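Each ligand, and each atom within it, is numbered from 1 in the order the structure gives. Residue numbers run from 1 in the order of the sequence given. This structure is a prediction, so every number in the text was calculated from the model and none was measured.
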Amino acid sequence: MSNHHQCQLPKHIAIIMDGNGRWAASRFMPRIAGHQAGLQAAKNIVKYCAEKKIAVLTLFAFSSENWSRPIKEVSFLMELFLSTLEAETKRFHEKEIRIKFIGDRTRLDPRITRKMQEAENLTQHNKGMVLMIAIDYGGQWDMQQALQKIMEKTLGGEYKPHELTVAHIENALSFPDLPHPDLLIRTSGEKRISNFMLWQLAYAELYFTDTLWPDFNEAALDAAIADYMKRERRFGNAS
Ligand code: IPE
Ligand code: IPE
Ligand code: MG
C-alpha cells in the first residue's frame, strides 16, 4: 500500500558497473572501447547524482579479482584511471564533491595512488556528494584488513576477544563514517555480488537491469530510484 512506501531518495547508491566488454563486442569493437564508453557513462551518472543531491555514490571500478584479466586490458584500465583522475579531480572539486577511494592500495602503481591521495586531500572538506570509488576492492579484502586491525587491538590489550562488538567491526571496515548502501544497482543482467561489499550490503535493496553499463544513463538511474522508492524496507521488523 502506498503509505508503506518509503518514498525517500536513497542516501547511498552503489553501482556494480558491468557490461563494458559485451557492449563493445556487440559493436565489433575491442573491449577497451567498451571501457572508454563506460567511463563516459560513469561521468554522466556522477554529475546527475550530485545534481539530485544523492549523499553518497559508490562506483565499483576494479575488483580484487580483475587482476586476472589479460595484462593489456588491466594496463589500459590503470592508464584510464590515471588520466581520469588527472582530468576530473578539479572538476569534481568545483562541484563540491568529496572523493574517497576504497580498496587495497598496495598493488596499484604509485603514480595512481599518489593522485588518489591528492584527490582525497584536495576534496576532504567539501560538503557536497561523496563519490566513493572502489578500486582493487573486494568485500573479502575489506574483512581481511578489518580483522588485521582488530587482532592488533586485541593483542595490544585494547579489548578482549569476547568484548568485540559489531561496532568494533564496523569501525575497522573501509567506510565507518558513511552510511551503508541503500540501493545496489548492477547492470548487464548478471545477478551476483562478485565480492563487492559483503558486510555493508546487509540491508541494501538490490536492483538488476539488463542495460549494459555504457548505455546506463540518467533515465535508467531514475528508473532504478523509482523502483527503490516503491519498496518497503522492513529491516527485520514487522510490516
Ligand atoms: C565492467 O565491464 C568493467 C570492469 C570490470 C572493469 P566488464 O569489462 O566486466 O564487461 P563484460 O562483463 O565483460 O561485458
Ligand atoms: C564486477 O564485474 C567488478 C566490477 C564491475 C568492477 P566483473 O565483470 O568483474 O564480475 P564477474 O567476473 O562477472 O563476476
Ligand atoms: Mg563483467
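- Closest heavy-atom approach to atom 3 (C) of ligand 1 within the set N66, I16, L80, N20: this belongs to N20.
- Residue-ligand proximity, F62 to ligand 2, at heavy-atom distances under 4.0 Å covers atoms 6 (C).
- Ligand 2 has no atom lying under 4.0 Å from any heavy atom of R22.
- Of the protein's heavy atoms, S194 OG, 2.6 Å lies nearest to atom 14 (O) of ligand 2.
- Geometrically, ligand 2 and S63 share no nitrogen or oxygen pair separated by less than 3.5 Å.
- The nearest heavy-atom contact from the protein to atom 6 (C) of ligand 2 is F60 O, 3.3 Å.
- When all heavy atoms are compared, the tightest approach of K127 to H125 is NZ-O, 3.1 Å.
- Assignment of G19 to the shell around ligand 1 is supported, since a heavy atom sits closer than 4.0 Å.
- At a distance under 4.0 Å, no protein heavy atom can be found next to atom 12 (O) of ligand 2.
- The H35 neighbourhood of ligand 1 comprises atoms 3 (C), 8 (O), with distances under 4.0 Å to a heavy atom of that residue.
- The line from CG of D18 to CZ of F60 is 10.0 Å long, rounded to the nearest 0.5 Å.
- Shortest contact from atom 1 (C) of ligand 1 to any protein heavy atom: M17 O, 3.0 Å.
- Cluster annotation: W199 and M197 are assigned to the same hydrophobic cluster (Ile/Leu/Val/Met/Phe/Trp/Tyr, side-chain heavy-atom contacts under 4.5 Å, transitive).
- Looking at atom 2 (O) of ligand 2, its nearest protein heavy atom turns out to be R186 NH2, 3.6 Å.
- When the options M132, E205, H12 are evaluated for a side chain to side chain contact (heavy atoms under 4.5 Å, CB included) with P181, the one that passes is H12.
- Note on D18: its N/O/S atom closest to the Mg ion (ligand 3) is OD1.
- Among protein heavy atoms, atom 5 (C) of ligand 1 sits closest to R69 NH2, 3.3 Å.
- At a 4.0 Å cut-off, not a single heavy atom of E190 sits close enough to ligand 2 to count as contact.
- Remark: side-chain polar atoms of E73 are not paired, donor with acceptor, to backbone N or O of P70 under 3.5 angstrom.
- Polar contact with ligand 1: absent for W23 (N/O pair, distance under 3.5 Å).
- Atom numbering of ligand 2 starts at 1 in the shown order; those under 4.0 Å from a heavy atom of R192 are 11 (P), 13 (O), 14 (O).
- Under the 4.0 Å criterion applied to side-chain N and carboxylate O atoms, E88 and R91 are assigned as salt-bridge partners.
- In this structure, D215 contributes its side chain and T211 its backbone to no donor-acceptor pair below 3.5 Å.
- Below 4.0 Å from some heavy atom of A61 lie the following atoms of ligand 1, by number and element: 6 (C).
- Among protein heavy atoms, the minimum distance from atom 10 (O) of ligand 1 is reached at G21 N, 2.9 Å.
- The OG1 atom of T58 sits 10.5 Å away from the CE atom of M17 when rounded to the nearest 0.5 Å.
- The number of heavy-atom neighbours closer than 6.0 Å to CD of E86, taken from other residues, nucleotides and ligands shown, is above 12.
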Going through the checks in order, is the salt bridge (Lys or Arg N to Asp or Glu O under 4.0 Å) test met by E51 and K47? CA-CA 6 Å; E51 285 165 9; K47 183 163 176 277; 3.4 Å; yes
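- Note on ring orientation: taking the six-membered ring where Trp is involved, the planes of F175 and H180 are perpendicular (angle over 60°, cut-offs 30° and 60°).
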